[in-house]
Amino acid sequence: MNPRRLLSVLAGLVAATGLPYLVFAALSVVWDPEGSPADKRRDHRPTVSVVLPTYDEAEIVESKLQSICSWDYPMERVEVVVVDSSDDDTPEIVESFFTDRVTPSLTLIEEDERRGLAVALNEAYAAAENEVIVKTDCDSRVAADAVREAVANLADPAIGAVTGRNAEVLGGSAVERGYRDVQARIQTLESHLDSTFVFHGPFSAFERDAVVPVDDDSIADDTELALRIRRGGDRVVFDPAIRYMEAAHSEFRKRRRQKDRRAMGLVRLLWRQRDALFRPQYGLYGAVVLPFNFWATVVSPWLVAGGVAVATLAGLALAGPVGLAVPLAVYAFVLAGSRDALGDLQPVYSLFDTQVSLFRAALKLLAGEGDGTWEVDAELREAYD
Ligand code: GDP
Ligand code: MN
């Protein structure tokens, strides 16, 4: 193909990839809402079931339980529901932690075999008895006032679920930090439009009566539950006042495993729920939020991959072997970015890193991967010892 054709194809791909972000960026120039859109009521003190799924967390589960007990919320109104599928002694540690403790109360569900996180969570949600369900992962730390902020949101009758912000990335990954800051702005805007798409494992809170089961093989369980709640009629929002901490890797190869899996969960969820796109009954969630996420998650990774391929071909056609500078430059960008060495360009790398994961996720899904169980990351858990 002639190089000018290739360059115009490339320009088209770049424009199509960037378009939703440009629309978003333009929107956020004229309209920059802050905080949660909910009508928060701070005197609301519903009973809370804290759902904690565990798989081989013997190293860190006790400190997680300790931190739950130190939350600034009346513990006599709290029940902790641990759903465990471990092969190690996590359940014994949990039980002995609650011996002689009056509040909070414990409901321990021991699965006889590991069938994946979604199955475990469906069981725990069915067993949870309180008005509000707070789901938290073992390998994260939640701010003491997070539950108070969450229930203040849920006091608004229009709101059925709320998630929070990764306020501190343990391990100091600037790649993750940059990505999370962009994501928080997008999620704030989405929430003010109607509802947000992504819900976060370290902290998500749901109105118990709005909860429905998620797919047994779900690997985006929190986001899927929020989406289903939105489809049921309630708004599901992001509140940056709800803060948590989670560890993350910076290095390219180490990031892939967790990010690729999380990406797989989102791609598959959006694909399975694509009938919700542009449905008038879902308001701006169906008209704007879901299409934006579908584009950024399912479509644009193919455009980015195509862009790199076309740019390489154009480089080869224009400059012969010197055109190999294109893939080399991409490679250098990845190397520098994964070492947090890009300075002001680091956020751009963060978005690229996400696109890489989404593309690999699509390939893995096409190859039939994604059964709902995975190896938990021991190295990331060292941050919580
Ligand atoms: P990631 O943060 O997306 O990498 O997921 P994690 O591996 O950290 O798992 C999130 C939470 O789910 C942790 O608290 C795990 O212990 C727990 N978990 C993972 N797989 C299972 C499972 O098959 N059963 C149960 N009950 N919990 C699980
Ligand atoms: Mn985790």
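We count ligands from 1, going down the list as the structure has it; atoms in each ligand are counted the same way.
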When only distance counts, is Arg115 in polar contact with ligand 1, meaning an N/O pair under 3.5 Å? no

So for ligand 1, is Glu375 a polar contact partner (N or O within less than 3.5 Å, distance only)? no

Parallel, tilted or perpendicular: which fits the ring planes of His192 and Trp31, with parallel below 30° and perpendicular above 60°? perpendicular

Min N/O separation Arg381 to ligand 1 under 3.5 Å: yes

Can you tell me if an N/O/S atom from Asp139 lies under 2.8 Å from the Mn ion (ligand 2)? yes

Between Glu190, Arg230, Arg235, which is the residue that forms a side-chain hydrogen bond (donor to acceptor under 3.5 Å, both in side chains) with Thr196? Glu190

Can you name the atoms of ligand 1, numbered from 1 with element, that are less than 4.0 Å from a heavy atom of Gly116? 22 (C), 23 (O)

Nearest protein heavy-atom contact for atom 16 (O) of ligand 1: which residue, which atom, what distance? Glu57 OE2, 2.6 Å

Where is the nearest protein heavy atom to atom 23 (O) of ligand 1: which residue, which atom, and how far? Arg114 NE, 2.8 Å

Nearest protein heavy atom to atom 5 (O) of ligand 1, by residue and atom, and its distance? Trp374 NE1, 3.5 Å

Heavy atoms from other residues, nucleotides or ligands near CZ of Arg243 exceed 12 (cutoff 6.0 Å): no

Please say whether the positively charged group of Arg114, taken as NZ for Lys or CZ for Arg, lies over the ring of Tyr55, i.e. under 6.0 angstrom from the six-membered ring centre and within 45 degrees of the axis. yes

Check each atom of ligand 1 against the heavy atoms of Val83 and keep those under 4.0 Å away; list them by number with element. 26 (N)

Hey, does Ser85 come in under 3.5 Å of ligand 1, counting only N/O atoms on both sides? yes

Provide, to 0.1 Å, the distance between atom 2 (O) of ligand 1 and the closest protein heavy atom, together with that atom's residue and name. Arg262 NH2, 2.7 Å

Could you check which of Leu121, Thr90, Asp137 puts a non-hydrogen atom nearest to atom 11 (C) of ligand 1? Asp137

His200 side chain near Gln183 side chain, heavy-atom distance below 4.5 Å: yes

Before signing off on this row, confirm whether Glu111 and ligand 1 have an N or O atom pair separated by under 3.5 Å. no

Any luck finding a side-chain donor-acceptor pair between Gln273 and Arg231 under 3.5 Å? yes

Heavy-atom neighbours of Gln281 CD exceed 12 at 6.0 Å: yes

Identify, for atom 12 (O) of ligand 1, the protein heavy atom at the shortest distance, and state residue, atom and that distance. Leu117 CD1, 3.5 Å

Should the proximity of Ala120 to ligand 1, defined as any heavy atom under 4.0 Å, be assigned to the side chain, the backbone, both, or neither? side chain

Does Asp139, backbone or side chain, put an N or O under 3.5 Å from an N or O of ligand 1? yes

